[in-house]
Amino acid sequence: MIPKPPVVPRAELHCHMEGAAPPSLVIQLAERYGVALDGLLDANGNYSWHDFTTFLKTYDVASALFRSPEDFTLLAETYFGMLAAEGAIYGEVFISPDHAVQSGLTYKAYMDAIGEGIMRANEATGIEGRMISTGVRHYGVKAVEMAALTTVNNPHPLLTGFGLAGDEREGHPSNYQKAFKIAQEAGLGLTAHAGEFGGPESVKGVLDFLHVTRIGHGVRSVEDPALVQRIVEEGVTLEVCPGSNIALGVYSNLRFHPVNILRQAGVKITLSSDDPPFFRTTLGHEYAETSRVFGWDRAIQKELTANAIKAAFCDDDTKARLFQQLEEATRDTN
Ligand code: ADE
Ligand code: ZN
């Protein structure tokens with residue numbers, strides 16, 4: 001039998017730290033802290049929510065069960081270890097000063113703890129990880145500005161970006177200009193969720209006012225051909241999370257998801273898992289399923305990972321090493 005080549009190395013740019021918490025870990029923490037789970041999980045042990053609003057609420061409740069630095073170190077180490085086991089060589093994770101406070105920690109203690117988990121996973125598997133601090137849009141403009149200030153006042157070598165998460169149906173992008181300017185002046189890479197529940201106007205707003213180089217989701221840009229053209233011309237990268245979009249009902253089936261149309265139009269596409277256990281997905285599942293449904297071969301999978309490395313918020317030396325790893329593992333595709 002001809003041995004199968006190893007999987008094409010993968011990279012993830014869009015995963016929320018607390019959203020990566022396996023239910024088993026949440027159950028363990030609830031027991032440790034004597035907290036009732038109160039419908040957080042369904043009878044099958046999966047997170048229980050039914051739309052975007054209840055998903056965001058469930059996310060906050062699960063997040064608040066992480067209380068000590070050790071809890072966050074374990075979460076980060078577990079997530080990055082799982083990512084590496086699926087063939088990933090790089091991952092960026094969204095962290096949130098607001099969720100640190102809800103857990104009873106200072107932002108610094110929370111970030112240091114997650115950084116420690118990333119370093120442990122790096123030592124064990126070689127995976128490179130970085131953190132992106134985020135403001136939560138539906139917590140309001142002042143909260144997002146405070147998140148930006150807290151972020152730039154507490155630097156960390158693995159914290160290399162700032163982003164906007166939360167409900168994009170609330171607050172015009174122009175309201176968050178000040179927060180993004182603070183982050184930009186500190187040299188952080190910029191990304192914002194848009195074009196997930198909002199249409200093309202929402203995407204145009206973050207491009208016009210927040211000067212992001214990447215967009216979280218961005219898939220509803222497909223509804224406006226001129227916007228797709230703009231995204232191609234400006235070289236903006238989309239952090240596409242197909243499983244998340246299907247779980248949240250943005251599209252009914254992967255076959256009807258616009259990721260392939262966007263790619264064919266010349267948009268720089270990357271794949272991510274967003275909040276993997278909430279959406280019953282993983283990065284490996286995203287690569288495998290899109291490849292199966294759209295007939296993407298190893299060369300296209302390599303292109304997705306190369307797009308992620310190019311758009312990553314890490315230094316050029318790290319990017320060069322990642323590109324080398326990608327090349328070495330995909331000689332068969334050249
Ligand atoms: N926070 C966690 N997951 C999110 C998502 N999919 N969209 C917006 N904010 C989020
Ligand atoms: Zn997200």
Side-chain angles (χ1 to χ4, degrees), residues 12-23 26 40 46-66 75 79 83 91-100 102-103 114 130-140 143-144 147 161-171 173 176 179 189-199 202-203 205-206 210 212 214-221 237-251 257 259 269-283 286 308 311 313:
E12 167 143 283
L13 298 183
H14 188 124
C15 181
H16 301 260
M17 186 74 277
E18 292 84 354
V26 160
L40 181 68
N46 294 310
Y47 287 111
S48 177
W49 51 271
H50 58 269
D51 58 14
F52 189 47
T53 305
T54 54
F55 156 70
L56 289 171
K57 284 203 179 110
T58 307
Y59 178 96
D60 282 354
V61 173
S63 303
L65 288 167
F66 288 81
L75 174 58
Y79 161 67
L83 210 55
E92 287 179 5
V93 74
F94 294 126
I95 68 168
S96 152
D98 293 283
H99 287 88
Q102 286 170 26
S103 287
I114 294 170
R130 297 291 183 274
M131 296 176 272
I132 300 173
S133 181
T134 52
V136 181
R137 190 156 169 168
H138 58 274
Y139 290 178
V144 176
F162 183 74
L164 187 62
D167 195 337
E168 71 169 301
R169 298 169 298 189
E170 287 193 31
Y176 304 95
L190 302 177
T191 179
H193 283 63
E196 178 189 21
F197 283 91
S202 176
V203 175
V206 302
L210 307 183
V212 295
R214 296 181 356 203
I215 296 175
H217 301 285
V219 286
R220 290 197 50 202
S221 306
T237 298
L238 300 191
E239 304 157 5
V240 181
C241 311
S244 160
N245 296 151
I246 290 156
L248 286 166
V250 182
Y251 301 102
H257 191 285
V259 63
I269 296 297
T270 62
L271 289 179
S272 290
S273 63
D274 207 3
D275 304 280
F278 284 84
F279 304 140
R280 303 198 211 172
T281 188
T282 66
L283 181 63
E286 298 297 334
F313 296 153

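Remember, it's 1-based here, ligands and their atoms both numbered in the order they're listed.
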So, for Phe279 and Phe55, is the gap between ring centers shorter than 6.0 Å? yes

Of all the non-hydrogen atoms in the protein, which one sits nearest to atom 4 (C) of ligand 1, and at what distance? His16 NE2, 3.6 Å

Ring-ring centroid check Phe94 His193, cutoff 6.0 Å: yes

N/O donor-acceptor pair under 3.5 Å between Ser103 side chain and Phe66 backbone: yes

Under 2.8 Å from the Zn ion (ligand 2), protein N/O/S atoms total 4

re atom 6 (N) of ligand 1, the protein heavy-atom contact at minimum distance is Asp274 OD2, 2.7 Å

Looking at ligand 1, does Gly19 have a heavy atom less than 4.0 Å from it? no

Not counting sequence neighbours, which residues clear side chain to side chain contact (heavy atoms under 4.5 Å, CB included) with Ala308? List them please. Ala11, Leu13, Thr270

Would you check, one step at a time, whether the test salt bridge (charged side-chain N to carboxylate O under 4.0 Å, His left out) holds for Glu92 with Arg214? CA-CA 13 Å; Glu92 287 179 5; Arg214 296 181 356 203; 2.9 Å; yes

State whether a side-chain donor-acceptor pair under 3.5 Å links Ser96 with Glu18. no

Ligand 1 to Asp167 polar contact by distance, N or O atoms, under 3.5 Å: no

Using a 4.0 Å heavy-atom threshold (strictly under), name the region of Phe94 that reaches ligand 1: side chain, backbone, both or neither. neither

Which residues satisfy the ring pair (Phe, Tyr, Trp, His ring centres under 6.0 Å) test with Tyr176, sequence neighbours excluded? none

Can you see whether Phe197 has Arg169 sitting over its ring - NZ or CZ less than 6.0 Å from the centre and within 45° of the normal? yes

So which of Gly166, Cys15, Ala165, Gly163 gets nearest to atom 8 (C) of ligand 1, if we judge by its closest heavy atom? Gly166

Just distances here: any N/O of Asp275 and N/O of ligand 1 closer than 3.5 Å? yes

So which bit of Glu196 gets within less than 4.0 Å of ligand 1, heavy atoms only: side chain, backbone, both or neither? side chain

Do the side chain of Asp51 and the main chain of Thr54 share a donor and acceptor less than 3.5 angstrom apart? yes

Look at ligand 1 and say whether Phe52 reaches it with a heavy atom at a distance under 4.0 Å. yes

Can you name the side chain to side chain donor-acceptor pair (under 3.5 Å) partners of Arg280, sequence neighbours left out? none

